[in-house]
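Reading through the structure tokens given below for one structure.
Side-chain atoms are counted along with the backbone in the values below, which use heavy atoms only and exclude waters and symmetry mates.
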Amino acid sequence: MGIEVINLFQPFDMFQCEVDECPMGNHKNTFFELMYIRKGTGTLFSNQHAFEYQAENLFLLMPQEAHYTIVKNTTNFLFIRFNGIYLEAQRTNNAHSNLGDWAKRLEYIYHNNNHFPGCILRNEEDKPIVKALINALTLEYPRQQSLRNEVVQQLVNTLITIVARNVSLAFPEKNTAGSDASGDIINYIHQNIYYPEKLRAEKLASQFNISLNYISEYVKKITGESIQRYVTNYKLKLVETRLQYSDMRMSEIVDELGFTDESHLNRTFKKYTGINPTEFRKLHKAS
């Protein structure tokens, strides 16, 4: 029997259930899902890895990640589901606001999630905050009161921001003297992919205390590619994510990721994938 694929036909959804067995079999989502354990114990199986769960654990399940659970003691699950359309709606172009930063951080999570499997909450001090947010969501979501949607959105965005913060704890930006900088450099490039001024050779050299004459050679030794080629390839992975999981226009992708114009994006993308962005979207767009 094949793995069931679950789709989300709206930007956001949330539901909870209390069960003695897995609410669904082995499956893949085409969206992001936060799974919070309100009570109970059991095992989460995700991409052939097993993680014991208990109350107050929070798991981030990525698109196309096969997973299921085995319930040991009666478990109350809360599932928060959202897709690329929801994420894009949270972005802001206001220079005085940081509300869009966590959406970019989540994208960083998407491309690095294999580095931190299991419960996402690494900071113990965040656990009571997350529990309070979950309790507020379960009270507010069923209501039909004025501004209910706005309250739910703010609660969910705060929860996702805490997820992003916990992930960032595992990836310090500044390398400590004498340690192996290879992983830190790659993570730094990923985190700053939207800020080309931070990815210049001289900035990388200064950030990681490596000679400017050696930094390009060092990055090529790590990645097998020049700095410019690695940055371009990573940007194109982000383009693929947008084409598959959002409804962003080509002009918006061009502006956000720093391509000269749509022609530049089309030319670069086709060289990388063999097809243009429009064709890629038709072939791979999540339902």
Side-chain angles (χ1 to χ4, degrees), residues 32 84 87-113 115-116 157 160-176 179 181-246 248-269 272 277:
F32 300 93
L87 293 180
E88 290 306 320
Q90 314 312 313
R91 292 184 186 272
T92 176
N93 293 321
N94 187 329
H96 300 289
S97 174
N98 291 320
L99 292 178
D101 289 350
W102 64 261
K104 292 179 179 179
R105 177 70 65 156
L106 187 68
E107 190 163 54
Y108 169 73
I109 294 170
Y110 175 84
H111 289 284
N112 292 276
N113 65 303
H115 294 288
F116 40 87
N157 289 356
I160 294 174
T161 303
I162 291 175
V163 168
R165 177 168 70 188
N166 278 262
V167 170
S168 70
L169 292 174
F171 297 103
E173 286 193 8
K174 188 69 175 178
N175 181 53
T176 56
S179 66
S182 59
D184 289 343
I185 288 177
I186 298 306
N187 293 325
Y188 177 87
I189 290 173
H190 291 179
Q191 288 178 312
N192 292 285
I193 198 70
Y194 300 94
Y195 311 104
E197 69 280 1
K198 294 185 177 182
L199 300 180
R200 295 180 182 138
E202 57 268 26
K203 178 62 178 177
L204 285 171
S206 172
Q207 182 76 15
F208 293 95
N209 300 316
I210 296 173
S211 165
L212 178 58
N213 295 329
Y214 181 60
I215 187 66
S216 296
E217 181 182 340
Y218 188 82
V219 171
K220 189 168 185 178
K221 182 179 178 181
I222 298 168
T223 67
E225 300 172 318
S226 67
I227 295 173
Q228 182 180 4
R229 185 69 254 176
Y230 185 82
V231 168
T232 298
N233 284 342
Y234 188 69
K235 279 188 178 182
L236 289 172
K237 285 293 185 184
L238 300 185
V239 173
E240 289 183 359
T241 301
R242 280 154 178 64
L243 295 173
Q244 191 170 1
Y245 297 109
S246 84
M248 287 182 73
R249 297 188 296 272
M250 295 301 169
S251 60
E252 293 174 324
I253 296 174
V254 165
D255 291 341
E256 185 184 36
L257 290 171
F259 291 93
T260 305
D261 51 33
E262 290 187 40
S263 176
H264 179 211
L265 170 59
N266 286 333
R267 193 167 57 250
T268 307
F269 192 87
Y272 174 76

Next item on the list: Applying side-chain contact (heavy atoms from CB on, under 4.5 Å), run through Glu240 and Tyr272 and close with a yes or a no.
Entry: CA-CA 11 Å; Glu240 289 183 359; Tyr272 174 76; 3.4 Å; yes
Note to self: Looking at Ser206 and Glu202, would you say the former's side chain and the latter's main chain have a donor-acceptor pair under 3.5 Å?
What the structure shows: no
Next item on the list: State, to 0.1 Å, how close Lys220 and Ser226 come at their nearest heavy-atom pair, and which atoms those are.
Entry: CG-N, 4.4 Å
Item checked: Inter-residue atom distance Ile193.CD1 - Lys198.NZ, 0.5 Å rounding -> 12.5 Å
Notebook entry, point to check: Once you round to the nearest 0.5 Å, how far does CG of Leu238 lie from CG of Asn233?
Noted result: 11.0 Å
Next item on the list: Begin from the C-alpha positions of Asn266 and Phe259 and carry the test side-chain contact (heavy atoms from CB on, under 4.5 Å) through to its verdict.
Entry: CA-CA 10 Å; Asn266 286 333; Phe259 291 93; over 6 Å; no
Item checked: Gap separating the OH atom of Tyr230 from the CD1 atom of Ile222, nearest 0.5 angstrom -> 9.5 Å
Notebook entry, point to check: Who passes salt bridge (Lys or Arg N to Asp or Glu O under 4.0 Å) against Glu225, sequence neighbours left out?
Noted result: none
Note to self: Please determine whether side-chain contact (heavy atoms from CB on, under 4.5 Å) holds for the pair Ile227 and Leu199, giving the CA-CA distance in whole Å, both sets of side-chain angles, and the decisive distance to 0.1 Å.
What the structure shows: CA-CA 8 Å; Ile227 295 173; Leu199 300 180; 5.6 Å; no
Next item on the list: Kindly give the heavy-atom pair with the smallest separation between Met250 and Pro277, and that separation in Å.
Entry: CE-CB, 3.6 Å
Margin query: To the nearest 0.5 Å, what is the distance between CD1 on Ile215 and NZ on Lys203?
Written below: 12.5 Å
Margin query: Could you work out, with side-chain contact (heavy atoms from CB on, under 4.5 Å) as the rule, every residue matching Asp261, not counting sequence neighbours?
Written below: Ser263, His264
Margin query: Taking side chain to side chain contact (heavy atoms under 4.5 Å, CB included) as the criterion, tell me which of Ile253, Leu243, Val254 meets it with Met248.
Written below: Ile253
Margin query: Run the salt bridge (Lys or Arg N to Asp or Glu O under 4.0 Å) test against Arg249 and tell me which residues pass, sequence neighbours left out.
Written below: Glu252
Note to self: How long is the straight-line distance from CG of Asp255 back to CG of Leu257, given to the nearest 0.5 Å?
What the structure shows: 9.5 Å
Note to self: Could you report the tightest heavy-atom contact between Ala201 and Ser216, atom names first, then the distance?
What the structure shows: CB-OG, 4.4 Å
Item checked: Value rounded to 0.5 Å, distance of CG in Asn157 from CD1 in Ile162 -> 11.5 Å
Next item on the list: Begin with the C-alpha distance, continue with both residues' side-chain angles, and end with the deciding distance and a verdict on side-chain contact (heavy atoms from CB on, under 4.5 Å) for Tyr218 and Ile185.
Entry: CA-CA 10 Å; Tyr218 188 82; Ile185 288 177; 3.6 Å; yes
Check: Can you check whether Tyr188 and Phe208 have ring centres sitting under 6.0 Å from each other?
Finding: yes
